[in-house]
Amino acid sequence: MKKNFLKRTCVLISLAMLMATFAFTASAKRFTDINYGRQFFDDINYVVDNGIMNGTSSTVFSPNEKITRAMLIAVLYNKEGRPSTSAANPFKDVSSSDYYYNAVRWAHSNKIVSGTSGSAFNPEQKITREDTAVFLYRYARYKGYDITKTLSLSSVTDYSSIESYARTPVAWIMASRIVLGGCKINDNGTTANGTFEPKEQVTRAECARIVVRFGLMAEGILMKKDAYSFINSSDNFVNSVRIGQYYITTPDFDALKQKVITLYGKESKQFERMEELQALTWNGSCYGMAVTTILDKIGKIDLNGNYSSASTMYGMSSPKNNPALESAINYYHLIQSVTPGSLDTYIIQDHVGIGKLLTSLDKNGVVLFSYTDKNDPNEVGHAIVLYDYIKNDNGSYTIKAYDNNKANENITLTIPAAKNAITVNLGYAPAVTVKDSWIIDNYSYYDLFDIDGYYNDNTFTSVSSLAAFEDPFASYTRLYVSAGSDFTITNAEGETLIRENGDFSGSMNLVKKSIVVNGLDTPVEWVLYVEPSASFTCETENETCDFHLLSTEAYMGLYSQGAREVTLANDEEISFAGEQVQYKATLSLKTEGIIQMSGEGESAGFFGWQDDELAAKSQNGCFDVSVRKDLQVLDTQSFVSQNNQIYIDINENKLLEKKDVSDCMDIYTKIGNDKLPFERAK
């Protein structure tokens with residue numbers, strides 16, 4: 001009886017360990033000892049989402065528990081997809097009833113593990129940092145990854161205590177920067193006191209971090225695993241192409257709206273700006289694809305888990321067969337226009353700026369890199385993912401990249417030893433000399449817009465649970481200007497901001513600048529942070545002149561072809577002049593929504609608020625006016641050869657009460673103070 005009881009107990013323990021290590025996809029939210037904001041939180045999300053690790057029970061992850069040799073082998077086995085094996089078992093202390101039985105046989109047959117002595121594996125021995133390096137080094141060798149990276153172990157003061165069999169793996173794991181950010185080490189790959197501490201044991205949370213860093217630094221964004229199988233093209237984003245704008249589902253859009261309101265307040269105009277971009281013709285989602293690739297890779301979101309039944313990102317069907325995925329990609333593409341000003345880190349093409357890029361790769365493992373081509377007069381921008389770099393013998397650098405325009409091509413960046421230039425080697429097209437570029441250096445800001453919740457459990461998370469957020473650039477006015485040409489902006493004080501031959505000059509204080517990547521064939525927009533002023537006038541000789549203003553009080557702007565001069569005044573008036581202008585002018589409503597005036601073949605036009613009434617007038621009198629709210633056109637009116645200035649009252653009650661109302665506008669002309677009714681077109 002006692003023997004049977006012990007046998008059943010052993011089976012139950014083995015089953016518990018099997019569940020604890022051979023993971024099934026589940027949210028980390030069920031673990032009572034894993035809370036948002038703690039160290040290794042995203043790493044634990046990643047290993048749980050991807051079936052690599054699970055809890056020590058159904059409700060506990062035990063992040064501080066030390067892992068054993070058997071556990072680490074089981075983790076690698078899970079990571080490999082738990083392949084079947086017929087290999088023999090060479091170890092006398094590993095039996096067929098052990099949860100790690102197949103994992104150890106697989107690992108031994110592929111020369112990933114060997115015994116501690118003779119025929120003993122010693123599965124329950126707590127694993128050390130140096131043995132962790134050995135197992136990972138051998139696993140990388142088995143996978144065919146680059147294991148040639150190395151460095152001098154004399155860089156750590158305790159290198160003499162590293163066992164001889166572990167020295168090459170330790171040098172590789174440090175040179176590959178896999179240990180960065182975990183195991184109590186700093187930016188040069190050592191512990192704070194300059195040691196490696198080879199005999200120190202590894203916790204479960206640290207193991208999760210090492211798994212993520214291994215994926216970033218040893219595997220990179222591998223095809224058929226951690227990147228999309230489809231490319232950024234209209235053939236795949238058919239929902240956006242069909243409706244002629246960036247497709248996003250109502251729940252996703254409502255969540256984004258709520259997050260913007262929570263961040264910036266109910267009177268914020270950031271939402272109108274994002275809504276306006278969403279309504280533009282879809283020209284690509286390179287930024288959205290790059291951001292979601294990174295966020296999935298580091299555990300902040302779980303794309304394949306929440307938007308498909310696939311076990312990897314690569315296994316997901318393209319958006320043409322998966323509208324929810326297309327919405328998620330476009331969701332992240334759109335937030336580049338409304339994210340806080342403190343989000344972006346900018347690269348200047350000099351020693352300090354490029355050094356920042358390399359430091360960010362060390363720290364994060366992946367970097368979102370947006371750039372414009374020095375030889376492209378239209379300044380069409382692109383966003384790609386950088387995921388590893390090598391310092392060459394001549395002092396230059398080679399950086400590996402994933403490009404969603406041609407996902408299966410070999411893309412690299414090169415930087416000379418002087419760190420004074422960046423070249424993008426596309427493989428599928430001529431090399432590009434980078435003109436302007438910037439990176440994302442801190443991905444914690446994406447928590448503010450997390451599409452599937454902190455725990456990746458497919459529920460939107462309220463931003464209000466975050467600590468109070470303050471955008472240090474919120475008080476400045478943002479000017480959005482199409483970057484396809486030189487331009488001059490003049491404010492009400494007569495100060496100028498001049499963009500000429502790729503450089504900015506002038507007397508206006510340019511606090512900060514960034515770019516928004518709109519699509520495959522659309523010039524990037526400059527985002528210029530300047531001091532507030534009563535008016536801004538943009539002059540350009542380029543065919544395209546897009547000029548928008550976003551402040552704490554208003555959103556307003558003009559998309560146009562042919563406009564040579566555009567003035568945005570008093571946060572409420574738009575005027576323009578040019579030749580054969582095709583345009584769409586946008587103003588924020590005093591309540592919710594936006595109102596637009598559009599037309600073509602114009603030489604001049606005006607659209608703005610006058611004494612709480614909207615006025616619209618063009619030179620030829622032919623234009624359309626429409627009211628939009630939450631992506632829907634609620635009312636529209638066309639005017640043909642109307643020489644009088646049109647005045648518009650907006651019925652705010654109808655706007656606030658319903659989304660599908662019509663006749664929101666009361667339209668009339670005015671002579672003096674007398675209103676003259678204007679009959680609507682039937």
Is a donor on one side and an acceptor on the other found under 3.5 Å between the side chain of [X] and the backbone of [Y]?
{"X": "Ser327", "Y": "Pro323", "result": "no"}
{"X": "Asn50", "Y": "Ile52", "result": "no"}
{"X": "Ser360", "Y": "Lys356", "result": "no"}
{"X": "Asp93", "Y": "Phe121", "result": "yes"}
{"X": "Arg204", "Y": "Ile67", "result": "no"}
{"X": "Asn110", "Y": "Ile112", "result": "no"}
{"X": "Glu206", "Y": "Thr203", "result": "yes"}
{"X": "Thr68", "Y": "Met71", "result": "yes"}

So does [X] pair up with [Y], basic N to acidic O under 4.0 Å?
{"X": "Glu130", "Y": "Lys199", "result": "yes"}
{"X": "Asp447", "Y": "Lys259", "result": "no"}
{"X": "Glu80", "Y": "Lys143", "result": "yes"}
{"X": "Asp441", "Y": "Lys363", "result": "yes"}
{"X": "Arg177", "Y": "Asp388", "result": "yes"}

Side chains of residues 159-166: which donor-acceptor pairs under 3.5 Å do they make with residues two or more places apart or in other chains?
from	atom 1	to	atom 2	distance (Å)
Ser161	OG	Asp158	O	2.7
Tyr165	OH	Asp131	OD1	2.8

- With sequence neighbours excluded, tell me which residues meet ring-ring contact (aromatic ring centres under 6.0 Å, His included) with Trp172.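 Per chain and number, Trp172 pairs via ring-ring contact (aromatic ring centres under 6.0 Å, His included) with Tyr137.
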
- Only counting residues at least two apart or in another chain, list the ones meeting ring-ring contact (aromatic ring centres under 6.0 Å, His included) with Tyr331.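 Expected list: none.
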
- Query: Which class fits the ring pair Trp106 and Tyr77: parallel under 30°, tilted 30 to 60°, perpendicular over 60°?
  - Reply: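 Ring orientation of Trp106 relative to Tyr77: tilted.
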
- Residues that Tyr145 engages under side-chain hydrogen bond (donor to acceptor under 3.5 Å, both in side chains), provided they are two or more places apart: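 Counting only residues at least two positions away or on another chain, Tyr145 forms a side-chain hydrogen bond (donor to acceptor under 3.5 Å, both in side chains) with Glu219.
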
- Could you give me the CA-CA distance, side-chain angles and deciding distance for Tyr36 and Tyr455, then say whether ring-ring contact (aromatic ring centres under 6.0 Å, His included) is met? CA-CA 8 Å; Tyr36 170 75; Tyr455 294 92; 7.8 Å; no

- Is there a ring-ring contact (aromatic ring centres under 6.0 Å, His included) between Tyr287 and His382 once you walk through the steps? CA-CA 7 Å; Tyr287 183 93; His382 188 36; over 10 Å; no

- With Asn394, which residues qualify under side-chain contact (heavy atoms from CB on, under 4.5 Å), at least two apart?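 Result, side-chain contact (heavy atoms from CB on, under 4.5 Å) vs Asn394: Asn392, Ser396.
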
- Item | Qualifying residues under side-chain contact (heavy atoms from CB on, under 4.5 Å), relative to Ser318, sequence neighbours excluded |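 Partners of Ser318 by the side-chain contact (heavy atoms from CB on, under 4.5 Å) criterion, ordered by chain and then number, come out as Phe230, Asn236, Lys320, Asn321.
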
- Query: When the aromatic ring centroids of Tyr371 and Phe369 are compared, is their separation below 6.0 Å?
  - Reply: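 Yes, the ring of Tyr371 comes within the 6.0 Å limit of the ring of Phe369, centre to centre.
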
- Taking the six-membered ring for Trp and the full ring for Phe, Tyr or His, determine whether the centres of Phe41 and Tyr454 are under 6.0 Å apart.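 Ring-ring flag for Phe41/Tyr454: false, centres at least 6.0 Å apart.
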
- Item | CA sep, side-chain torsions, deciding dist, call: Phe449, Leu256, side-chain contact (heavy atoms from CB on, under 4.5 Å) | CA-CA 7 Å; Phe449 296 91; Leu256 182 53; 3.7 Å; yes

- Test side chain to side chain donor-acceptor pair (under 3.5 Å) applied to Asn456 and Asn306, Asp302, Asp49, the passing residue: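 Exactly one pass, corresponding to Asp49.
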
- Query: Is the closest side-chain heavy-atom distance between Asn425 and Thr412 below 4.5 Å?
  - Reply: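 Yes, side chains in contact.
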
- Would Lys400 and Asn410 count as a side-chain contact (heavy atoms from CB on, under 4.5 Å) if you check the C-alpha gap in whole Å, the side-chain angles of each, and the deciding distance to 0.1 Å? CA-CA 8 Å; Lys400 298 178 182 178; Asn410 183 26; over 6 Å; no

